[in-house]
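Structure first, commentary second.
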Amino acid sequence: MSGRSRLGTSSRWRWRASGCSRTRWCPVTDETVPALVADGTRPPATGRDVRCRIAPSPTGELHVGNARTALFSWLTARRSGGTFVLRVEDTDRERSTDEAIEILIRSLRWLGIDWDEGPEVGGPYGPYRQTEALDLFAGVTRRFLDEGRAYRCYCTPEELEDRRQEALSRGETPGYDGRCRNLSAAELAAFEREGRPFAVRFAMPGTDITVWDLIRGETTFPASDLRDFVIMRSNGIPTYLLAAAVDDVRMKMTHVIRGEDLMPSTPRQLEVMRALGAEPPAYAHLPLIVGPGGQKLSKRFHAVSVERFREEGFLPEALVNYMALLGWSRDAETTFLSREELIEAFDVTRVSRNPAVFDLAKLEWMNGHYIRESSGERLAAMLGEAFAADGVPADPALLMRAVPLVKERMKVVGEGPALLRFLFAGVEPDERAAKALEGQAGLLAEATAVLEGLPEGGWTASTIEEALRGLQERLGLKPKEAFQPIRAAVTGTTVSPPLFESIELLGREPTLARLRATATAGGA
RNA sequence: GCCCCCAUCGUCUAGCGGCCCAGGAUUCCGCCCUUUCAAGGCGGCGGCACGGGUUCGAAUCCCGUUGGGGGCGCCA
């Protein structure tokens, strides 16, 4: 295995199998990441010099997959007392936007993922935004060119596409064929005279390359698939393959935790790091989060961005807890983990290798649990926002009193307004309520009379219950028979928070008005 | 097409050769509680993809098959 020997013989690149949990390969280096091998049994990820990062490209809202990667990386840093870095990879100028960076920052902060270095906080290894480090990448590219580790490629995108199609039709692996690697002096001069634009490609060594991964162990990529790749576009902007590798070295990352989709790029980045004469970080490639069909999570799926979950009334601790369990578990039993417990228990080497299906039902269940544990103040504030989003002004004081009626009835706070709308806006009985009201004029009139007997000052859930239960018994009705029509009249629905408390909060006059109106109108 | 990764209830997972005729959570179903809906309690259905090895013994190790996923860009 040539890849093994390449990396395995030089002292800078020595790795060995240590008894990780699961007998996986773990990197061993003498000086750079001593924290990884403290006890020789598994990488405990302790030590102040652990450095992890999240390096998203700002092309839209923060996707749950990236959010989970950020979380795992952050947990690894926090657990070790190390450093967490946010780096913005905006080298795709077509798609990157400043707005996306703002959303990214907001989403991460909302999740409670903070960074020690990066945008808005600075740090010793800036810039943390790649388009602000362009000359640095240009310098590295020049150096690679000078050292013969890279070369100019004059092939146009059209030519490349044609040759790719051709290779595909011949049943060969598509990929750069190395055409410009050994251009003659004459050919080179001709292209230069033409003023033909060029990109810069990295010259791969032509050997197999083995990657060690904290989660997967050892993987060898055959040389035939490791084609020369573009590190610098013709417009002077570096590609991800160069920028990420250079920055991971520059920012002294010890652990690179990222999605499995990036695994095939690892041997290339390893080579770039080698060319830089740098020690590689430990890699951990996370299994992907997929949609219900096992397919890639698409926009068609309920909500894929953290921003959307926030808008719908999910709690950050619920999303964090749920995401943590996507591909990881502390043990056979534990489901709920606080942020502190996660930091305490998280171990990236225990991450599963299987793709995880995002199960919205379970997230909702978990969110319901966290809602039940939340304070009234917080829920009232969130409900206020939800009402505002619906265009219904909701009195904060009344909302605060209403929270106990709904907190164990919501999976997401966004469901609150439907449950409490009757308190803040007029009601029109829905279809089921209308049906429940049919022929109930007598009952409603009696209820009105009974409640009229309660003075303003004695209008509480218990006095209301006492009065209405008395009525129910006097009429010889089952509770349900007596209360459903009243519920329909007061709330306009057949499903509502508990009736007596609801009536108390609605208030004496509005309640009586609704009862009278329904008794004379629909109830007749 | 080629390369790489992966494979335990529908879903998330525990499992590191005997503790497992496989444990937890969610979903679904039933019962209890109950003024509706929830919440809560109790119970139930449901899984080691398949085929070969290795071993006294395999969900666990090896090989193959099948299935799924990722990648093969002047995207990241």
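Numbers restart at 1 for each chain; the letters A, B, ... are given by sequence-line order, proteins then strands. Predicted, not measured: the structure shown is a model, and the values here were computed from it.
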Exercise for the section: For A:Leu325, answer base if it contacts any base atom (sugar-phosphate contacts may also be present), sugar-phosphate if it contacts only those atoms, and nothing otherwise; contact means non-hydrogen atoms under 4.0 Å. Expected result: sugar-phosphate
Counting only pairs under 3.5 Å, give me each side-chain donor-acceptor contact of residues 130-138 of chain A, with atom names and distances, residues two or more places apart or in other chains.
{"unit_1": "A:Gln130", "atom_1": "NE2", "unit_2": "A:Glu89", "atom_2": "OE2", "d": "3.2"}
{"unit_1": "A:Gln130", "atom_1": "NE2", "unit_2": "A:Ala243", "atom_2": "O", "d": "3.4"}
{"unit_1": "A:Gln130", "atom_1": "NE2", "unit_2": "A:Asp247", "atom_2": "OD2", "d": "3.0"}
{"unit_1": "A:Thr131", "atom_1": "OG1", "unit_2": "A:Asp90", "atom_2": "OD1", "d": "3.4"}
{"unit_1": "A:Thr131", "atom_1": "OG1", "unit_2": "A:Asp90", "atom_2": "OD2", "d": "2.6"}

Practice task
Establish, from distance only, whether the side-chain atoms of A:Tyr154 and A:Glu192 form a donor-acceptor pair under 3.5 Å.
Solution key: yes
Completion exercise
Taking B:rG1, B:rU35, B:rC74 as options, the one with an atom nearest any side-chain atom of A:Thr239 is B:rC74
Problem - Minimum-distance nucleotide (side-chain atoms of A:Val230 versus B:rC3, B:rC74, B:rC5) - result: B:rC74
Exercise for the section: Output yes when at least one side-chain N/O atom of A:Thr91 is less than 4.0 Å from OP1 or OP2 of B:rA76, else no. Expected result: yes
Exercise for the section: Both distances under 3.5 Å, Watson-Crick or G-U wobble: report the partner of B:rC74, or none. Expected result: none
Problem - A:Thr334 side-chain N/O to A:Asp331 backbone N/O, donor-acceptor pair under 3.5 Å - result: no
Practice task
Looking at every strand, decide which applies to A:Phe500 at a 4.0 Å heavy-atom threshold: base, sugar-phosphate, or nothing.
Solution key: base
Handout entry: Whole-Å distance separating the CE atom of A:Met323 from the C1' atom of B:rC12
Key = 15 Å
Handout entry: Side-chain N,O (A:Arg201) to OP1/OP2 (B:rC74) below 4.0 Å
Key = yes
Exercise for the section: Please name all residues satisfying side-chain hydrogen bond (donor to acceptor under 3.5 Å, both in side chains) with A:Thr511, sequence neighbours left out, ordered by chain then number. Expected result: none
Practice task
State whether the side chain of A:Tyr322 and the backbone N or O of A:Asp359 hold a donor-acceptor pair below 3.5 Å, judged by distance alone.
Solution key: yes
Indicate every side-chain donor-acceptor pair of residues 222-235 of chain A with a distance under 3.5 Å to a residue at least two apart or in another chain.
{"unit_1": "A:Arg227", "atom_1": "NE", "unit_2": "A:Ser224", "atom_2": "O", "d": "2.9"}
{"unit_1": "A:Arg227", "atom_1": "NH1", "unit_2": "A:Gly175", "atom_2": "O", "d": "3.1"}
{"unit_1": "A:Arg227", "atom_1": "NH1", "unit_2": "A:Tyr176", "atom_2": "O", "d": "3.1"}
{"unit_1": "A:Arg227", "atom_1": "NH2", "unit_2": "A:Thr173", "atom_2": "O", "d": "3.3"}
{"unit_1": "A:Asp228", "atom_1": "OD1", "unit_2": "A:Arg181", "atom_2": "NH1", "d": "3.4"}
{"unit_1": "A:Asp228", "atom_1": "OD1", "unit_2": "A:Met204", "atom_2": "N", "d": "2.9"}
{"unit_1": "A:Asp228", "atom_1": "OD2", "unit_2": "A:Tyr151", "atom_2": "OH", "d": "2.7"}
{"unit_1": "A:Asp228", "atom_1": "OD2", "unit_2": "A:Arg181", "atom_2": "NH1", "d": "3.2"}
{"unit_1": "A:Arg233", "atom_1": "NH1", "unit_2": "A:Thr91", "atom_2": "O", "d": "3.2"}
{"unit_1": "A:Arg233", "atom_1": "NH1", "unit_2": "A:Pro238", "atom_2": "O", "d": "2.6"}
{"unit_1": "A:Asn235", "atom_1": "OD1", "unit_2": "A:Ile237", "atom_2": "N", "d": "2.9"}

Practice task
Would you classify A:Thr219 as touching base, sugar-phosphate or nothing, given that sugar-phosphate means primed atoms plus P, OP1 and OP2, and contacts are heavy atoms under 4.0 Å?
Solution key: sugar-phosphate
Exercise for the section: Searching all strands shown, indicate the nucleotide that pairs with B:rC48 (Watson-Crick or G-U wobble; both distances under 3.5 Å). Expected result: none
Just distance, no hydrogens or angles: give the donor-acceptor pairs under 3.5 Å from side chains in residues 412-423 of chain A, sequence neighbours left out.
{"unit_1": "A:Glu415", "atom_1": "OE1", "unit_2": "A:Lys411", "atom_2": "N", "d": "2.8"}

Practice task
For A:Thr494, report the nucleic acid contact type (base, sugar-phosphate, nothing); a contact means any heavy atom under 4.0 Å.
Solution key: base
Exercise for the section: Have a look at A:Pro287 and say if it touches a base, only the backbone sugar-phosphate, or nothing, with a 4.0 Å heavy-atom cut-off. Expected result: nothing
Practice task
Could you check which of B:rA76, B:rC74, B:rA7 has an atom nearest any side-chain atom of A:Arg353?
Solution key: B:rA7
Practice task
Just name whichever nucleotide pairs with B:rG67, Watson-Crick or G-U, keeping both distances under 3.5 Å, else none.
Solution key: B:rC6
Exercise for the section: For the residue pair A:Trp328 and A:Leu342, establish whether any side-chain heavy-atom pair is separated by less than 4.5 Å. Expected result: yes
Practice task
Return no unless some side-chain N or O of A:Arg469 is found under 4.0 Å from OP1 or OP2 of B:rU35.
Solution key: yes
Please list, pair by pair, any protein nitrogen or oxygen found under 3.5 Å from a nitrogen or oxygen in nucleotides 69-71 of chain B.
{"unit_1": "B:rG69", "atom_1": "OP1", "unit_2": "A:Gln295", "atom_2": "OE1", "d": "3.0"}
{"unit_1": "B:rG69", "atom_1": "OP1", "unit_2": "A:Gln295", "atom_2": "NE2", "d": "2.5"}

Exercise for the section: Respond yes when some side-chain nitrogen or oxygen of A:Ser329 is under 4.0 Å from OP1 or OP2 of B:rA14, and no when none is. Expected result: yes
Handout entry: Below 4.0 Å: OP1/OP2 of B:rC72 and any side-chain N or O of A:Arg227
Key = no
Exercise for the section: Please work out if A:Gly327 contacts a base, only the sugar-phosphate, or nothing of the nucleic acid, heavy-atom cut-off 4.0 Å. Expected result: sugar-phosphate
Fill in the blank from the handout: Of A:Pro497 and A:Ser224, the one whose closest nucleotide on RNA chain B sits nearer the 5' end is A:Ser224
Practice task
For the side chain of A:Asn354, starting at C-beta, report the closest nucleotide among B:rC4, B:rU13, B:rA7.
Solution key: B:rA7
Practice task
Let me know the distance between CZ of A:Arg409 and C1' of B:rA39, rounded to the nearest Å.
Solution key: 8 Å
Exercise for the section: Looking only at side-chain atoms of A:Glu408, point me to the closest of B:rU13, B:rG73, B:rA38. Expected result: B:rA38
Handout entry: Summary of protein contacts for nucleotides 20-29 of chain B, nucleotide by nucleotide, where a base hit scores B, a sugar-phosphate-only hit scores S (4.0 Å, heavy atoms)
Key = ---BSBS---
